[in-house]
Every structure is written in C-alpha cells, then in structure tokens.
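All residue numbers in this chain count up from 1 along the given sequence. What you see is a predicted model, and the numbers here were worked out from it, not measured in a lab.
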Amino acid sequence: MNTRDLQKRKNRPSLRMAGLLSDNKTARAAEDVLQKARVPLQYQLRGEGTATSEMLDILGLGGTAKAVTICAIPKTMAPRLLQELTGRLH
C-alpha cells in the first residue's frame, strides 16, 4: 500500500454497525431516534417468525411479530446514539 492509499484511508470516516431485534412498537421508536439523529443508512426488516416461545422468553420478546433494525453510524456518533436509544427504548 502506498502513501497516497494510506492518506485516503485516514480521511474516510470510521463506521460502526448497530443492530436491534425488537417488537414493532419499539422498532418505530428506534426509527424515530435514528431519523432525528439523521443517520443516513438504516434498514428495518419486519416479519413474523416461528421461534419457540422459550426462545422469545429468553430474548425478552413477547409474540412473534418482530423487526430487525440495522444501521451504519459514524464512530464518533455511536456512544451518544446508543445512549439515546437505550434511554428511549427502556
């Protein structure tokens, strides 16, 4: 790798991936937090699974309708955003 490539790499923002498995109501609240923070890249997948009730109990989730929220956030934004999500969703 040459010096120019290293310089380009240093100038790129470092990203972190965050993921959340939740019920649909909590997913909407997470979506609101992410939009207010202007997170540019987020995906939300909704579905109804066939996980056993024991598994859902272990995860602390009732029912089978769930959402998976995934987003890429700048490293510098990660601590504040995770703190905000935790406060809003608990």
Side-chain angles (χ1 to χ4, degrees):
M1 192 173 281
N2 63 35
T3 307
R4 220 168 108 201
D5 290 337
L6 288 173
Q7 188 62 35
K8 283 182 183 178
R9 184 176 275 187
K10 284 182 183 180
N11 291 334
R12 283 190 227 155
S14 183
L15 296 176
R16 296 294 182 254
M17 296 298 292
L20 172 70
L21 172 63
S22 64
D23 59 28
N24 289 329
K25 180 180 176 186
T26 304
R28 285 190 291 277
E31 181 182 1
D32 184 50
V33 169
L34 295 173
Q35 286 179 349
K36 284 181 181 175
R38 297 180 181 223
V39 173
L41 180 63
Q42 56 180 298
Y43 291 101
Q44 201 165 75
L45 309 149
R46 297 181 187 265
E48 189 158 337
T50 58
T52 64
S53 61
E54 294 85 18
M55 181 56 75
L56 293 172
D57 289 342
I58 290 169
L59 296 171
L61 302 166
T64 57
K66 300 291 167 247
V68 177
T69 303
I70 302 169
C71 64
I73 53 179
K75 180 181 177 181
T76 57
M77 183 190 277
R80 180 182 57 82
L81 186 60
L82 291 176
Q83 186 176 33
E84 193 171 333
L85 280 167
T86 300
R88 175 84 184 269
L89 304 179
H90 280 273

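- At most 12 non-hydrogen atoms from other residues, nucleotides or ligands lie less than 6.0 angstrom from CD of Q83.
- The shortest heavy-atom contact between A27 and S22 is N-OG, 3.4 Å.
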*Should K75 and L15 be marked as a side-chain contact (heavy atoms from CB on, under 4.5 Å) after you check the CA-CA gap, both sets of side-chain angles, and the distance that decides it?*
CA-CA 5 Å; K75 180 181 177 181; L15 296 176; over 6 Å; no
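- Here the closest heavy-atom approach between residue K66 and residue L21 is recorded as CB-CD1, 4.2 Å.
- Side-chain N or O atoms of E84 include none that pairs as donor or acceptor with a backbone N or O of V33 at under 3.5 Å.
- One finds the CG atom of L45 at 5.5 Å from the CD1 atom of I70 (value rounded to the nearest 0.5 Å).
- The heavy-atom pair separating L34 from C71 by the smallest distance is CD2-SG, 3.9 Å.
- Cluster membership check: M77 shares its hydrophobic cluster with L89, using side-chain heavy-atom separations under 4.5 Å among Ile, Leu, Val, Met, Phe, Trp and Tyr.
- The CD atom of Q44 sits 3.5 Å away from the OG1 atom of T69 when rounded to the nearest 0.5 Å.
- Among all heavy-atom pairs drawn from T76 and P79, the shortest one is O-CD, 4.0 Å.
- The hydrophobic cluster containing L81 does not contain M17, counting ILVMFWY residues as joined when their side-chain heavy atoms lie under 4.5 angstrom apart, directly or transitively.
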*Starting from the C-alpha separation in whole Å, work towards a yes-or-no answer on salt bridge (charged side-chain N to carboxylate O under 4.0 Å, His left out) for K36 and D32.*
CA-CA 6 Å; K36 284 181 181 175; D32 184 50; 3.4 Å; yes
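- No side-chain N or O of R88 forms a donor-acceptor pair with one of T86 less than 3.5 Å apart.
- Heavy-atom minimum distance, L82 versus A18: CD2-CB, 4.4 Å.
- Atom CD of E31 sits about 12.5 Å away from atom OG1 of T26, to the nearest 0.5 Å.
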